[in-house]
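First listed ligand is number 1; within each ligand, the first listed atom is number 1. Because the structure is a prediction, the values reported are computed rather than measured.
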Amino acid sequence: MRFDVVTIFPAMFGPVFQQGVIGRAIERGLIGFQAHDLRQYTHDRHRQVDDMPFGGGPGMVMKPEPVIEAVESIRVKNRGPVVLMEPWGERLDQRLAAELVKEPGLIVICGRYEGIDDRVRTALGAREVSIGDYVLSGGEVPAMVLVDAVARLVPGVVGDPESLAQDSFADEMTGWPQFTRPADYRGMTVPDVLLSGDHARIKQWRRQQAAQRRAPHTEEVKKT
Ligand code: ADE
């Protein structure tokens, strides 16, 4: 699966995706990732990517031409849908990540300023996605969240398939409190059951803990 991100800050992505699970997946060729500099698709001397909104109002709007030209150029290698990161978009959750991983790739556009000229959305049939009801200074951090959530569902990216199945939301058996050595840390001890070696009891304890811990809104996701 290929991920192409269009941004005015391509350098933000290197440090994030060179590390950890996603970094290794890119190295192993399981996923492709590239951040594209939007300014490379401008034709004027100032490499301007924004302009004043028609109808007036504060702030600036991202111009359509560079974004559309960037997507046209990326399309040669990436046949996936176009996603615009916007705070008013459809909310990202595990279900949406699982739906998007079925695509051959994603082309993710990071908004800045007051928004992107709406002809980008209509011309490209783009989907608007939000990572939550709060406003960030741009779509870059949201794009990282989306790419991470989808990429780790690509088969092989998460080394141990069991750990993927055990992710919260993915399975009923999730989200229990975890402990590692030492068994006694400053007088805080690990629950006896986990040291018992009785796997049936451990499983039951974890199931109970997970049920207590799970936030109510996650129930909805699980049922579908
Ligand atoms: N851009 C700014 N805030 C955002 C959010 N919450 N989700 C997606 N894109 C955004």
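If you check the side chains of His43 and Glu65, you find no donor sitting under 3.5 Å from an acceptor.
When the side chain to side chain donor-acceptor pair (under 3.5 Å) test is applied to Asn78, the partners found at least two apart in sequence or on another chain are Asp4. In this structure Thr122 satisfies the side-chain contact (heavy atoms from CB on, under 4.5 Å) test together with Asp118, Arg119, sequence neighbours excluded.
The protein residues lying under 4.0 angstrom from ligand 1, judged by non-hydrogen atoms, are Met85, Glu86, Pro87, Val129, Ser130, Ile131, Gly132, Tyr134, Val135, Leu136, Gly138, Pro142.
Of the possible donor and acceptor atoms, one in the side chain of Ser130 sits under 3.5 Å from a partner among the backbone N and O of Gly132.
Contact record, Gly111 with Ile116: CA-CD1, 3.9 Å, taken as the closest heavy-atom pair.
Here Leu194 is tied into one hydrophobic group with Phe179, Val190, Val193, Leu195, Ile202, Trp205, each link being a pair of ILVMFWY side chains closer than 4.5 Å.
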